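Below you'll find the structure, written out as structure tokens, and then a few comments.
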Amino acid sequence: MSLSAINFKEMKEHESFSNIGEMNKSIYDYIEHIRKDVPQSVIDVLLCLGRSSLRLVGLSFKKQATIANETGYSRKTINKALKILEALGVIDSVRTQTKAGRPSVKIIRILPFCLERLQQGVTSDEADHFNNDAYLKPIENFEPIVQETSKDYLKEDRKAAIQDDIDLINVEELGEEFIPSNIVPIAFKMAVIPFFRAYKVFRLWGIVRSAMKQNRLSTVNNDSMEATLEAFRTTVFMYKAKRLNGSFENYFFGVLRSMLGAVKRRQVKVNSGIFSFNMFE
């Protein structure tokens, strides 16, 4: 299929940014927040997608083989990087249509920066659950639709620009006094802050909100908070005992999801009017 068969008018409706400057800013923001948590290959793939998303801003037609050639990574590494970016909510995919209205291949779309969505992302096996295994499929049919570059993209003098002090401080360096009290409950903050700095506490609370959402728990009450703290204590112990197979965040999420499931079942039981006495409970 040739590029001329693509319905560019229809595809333009799927543009995620109004101009290249907005896209560049989102990419910079993503990199700032994930660069210490993901391999360099993920950053390089995101930048490569940005450079090929100029004609339809935010939409890239690059296939994985081309990305591999341009970045120097293997196809396997490119595929893994795309999966991580999608699991984090940095990219998604859009199904194209031909001018005749027939379904065509999927293309990659860079999404506008969203801190809440990013905090709820996961980067390992839990990504399967969050995305219902809806990983990006390899794109084999299309080469890049654009070759031009943006003059304001990745300016070399960006680092030399005059910056305020706030721009010189990394978010991971912020102390506990910067944790938003209207977002992170004090009980969770006090339990977690001895082990992690402010930004990690904030991200862990995002995992809590994700686990609550999956168990259809809308508000934090005594039962859900106690389950959360118990899940955190369990994860800390298992981490220090070197019994975790995956990351701290993924183990915490798994334990918490299970404990909050029990809280939800108790709520349903009470709300349905089913009361029973069990001396062993």
Side-chain angles (χ1 to χ4, degrees), residues 30 33-43 76-77 79-90 114-135 171-174 176 179-180 183-267:
Y30 280 129
H33 283 82
I34 69 176
R35 60 188 174 87
K36 291 187 177 181
D37 298 321
V38 300
Q40 182 61 37
S41 58
V42 176
I43 304 299
K76 182 178 180 180
T77 299
N79 187 48
K80 183 177 180 181
L82 290 172
K83 289 179 179 180
I84 291 175
L85 288 171
E86 186 174 28
L88 290 172
V90 177
C114 175
L115 183 58
E116 181 179 0
R117 183 178 65 241
L118 191 63
Q119 290 165 351
Q120 294 178 357
V122 289
T123 60
S124 64
D125 292 340
E126 291 297 337
D128 288 336
H129 181 81
F130 277 101
N131 293 285
N132 298 316
D133 296 322
Y135 281 152
V171 66
E172 285 84 2
E173 298 173 348
L174 297 177
E176 63 180 275
I179 300 176
I183 298 178
V184 182
I186 186 66
F188 184 79
K189 170 184 172 180
M190 297 306 295
V192 180
I193 203 65
F195 304 93
F196 299 106
R197 295 184 68 83
Y199 184 60
K200 190 62 172 288
V201 176
F202 189 66
R203 291 190 62 177
L204 287 172
W205 182 249
I207 292 176
V208 175
R209 299 301 302 179
S210 295
M212 291 185 62
K213 183 177 180 179
Q214 289 198 9
N215 283 288
R216 298 183 179 179
L217 294 169
S218 58
T219 59
V220 179
N221 56 26
N222 290 336
D223 288 342
S224 59
M225 179 56 71
E226 181 54 39
T228 298
L229 298 180
E230 180 62 23
F232 179 77
R233 290 191 289 264
T234 299
T235 306
V236 170
F237 178 85
M238 296 299 285
Y239 177 83
K240 299 301 293 184
K242 301 185 184 302
R243 299 292 297 275
L244 301 188
N245 293 326
S247 68
F248 186 96
E249 291 87 345
N250 287 337
Y251 189 91
F252 175 53
F253 175 80
V255 174
L256 179 59
R257 183 173 57 185
S258 176
M259 289 186 173
L260 289 179
V263 171
K264 180 63 177 180
R265 288 191 292 273
R266 288 197 297 270
Q267 287 185 2

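We count residues from 1, following the sequence as given. Not measured: the values here are computed from a predicted model.
- Nearest approach of Phe253 to Gln214, heavy atoms of both residues: CZ-NE2, 3.7 Å.
- Ion pair Arg233/Glu230 flagged as a salt bridge, since at least one NZ, NE, NH1 or NH2 atom sits closer than 4.0 Å to an Asp/Glu carboxylate oxygen.
- By the 4.5 Å heavy-atom criterion applied to side chains, Phe202 and Arg197 are not counted as neighbours.
- Evaluated for a side-chain contact (heavy atoms from CB on, under 4.5 Å) with Leu204, the options Val201, Val208, Ile207 yield exactly one hit, Ile207.
- The existence of a salt bridge linking Arg203 and Asp37 is confirmed by a sub-4.0 Å separation between a basic side-chain nitrogen and an acidic carboxylate oxygen.
- Contact annotation: the side chain of Phe248 approaches that of Phe232 to within less than 4.5 Å [non-hydrogen atoms, C-beta and beyond].
- Side chain of Ser258 to main chain of Val255: no donor-acceptor pair is present (N/O by atom type, distance under 3.5 Å, no hydrogens or angles).
- To the nearest 0.5 Å, the span separating CG on Asn221 from CD on Gln267 amounts to 5.5 Å.
- For the pair Thr235 and Glu249, the minimum side-chain heavy-atom distance is 4.5 Å or more.
- Although no hydrogens or angles enter the test, the distance criterion places a donor-acceptor pair under 3.5 Å between the side chain of Trp205 and the main chain of Ile183.
- Note that CZ of Arg35 is 9.0 Å distant from CD1 of Ile43, once rounded to the nearest 0.5 Å.
- For Tyr239, the OH atom sits in a loose shell: 12 or fewer heavy atoms of surrounding residues, nucleotides or ligands are nearer than 6.0 Å.
- The shortest non-hydrogen separation linking Ala187 to Leu229 is O-CD2, 3.9 Å.
- Here the shortest heavy-atom pairing between Pro39 and Ile84 reads CD-CD1, 4.4 Å.
- Closest heavy-atom contact between Ala81 and Ser41: CB-O, 4.2 Å.
- The two residues Ser218 and Met212 come nearest to each other via the heavy atoms C-CE, 4.4 Å.
- The distance from atom CG of Asn215 to atom OG of Ser210, rounded to the nearest 0.5 Å, is 11.5 Å.
- The OH atom of Tyr30 lies 10.0 Å from the CG atom of Leu115; values are rounded to the nearest 0.5 Å.
- Between Leu88 and Val38, some side-chain heavy-atom pair lies under the 4.5 Å cut-off.
- Taken to the nearest 0.5 Å, the CG atom of Leu244 stands 11.0 Å off from the CZ atom of Phe237.
- A salt bridge does not link Arg266 with Glu226: every distance from a Lys NZ or Arg NE/NH1/NH2 to an Asp or Glu carboxylate oxygen is 4.0 Å or more.
- For the pair Lys264 (side chain) and Arg216 (backbone), a donor-acceptor distance under 3.5 Å is present.
- When every heavy atom of Val263 is checked against every heavy atom of Ala227, the shortest pair comes out as CG2-CB, 3.9 Å.
- Taken from OG1 in Thr228 to CG in Leu260, the straight-line distance is 5.0 Å, to the nearest 0.5 Å.
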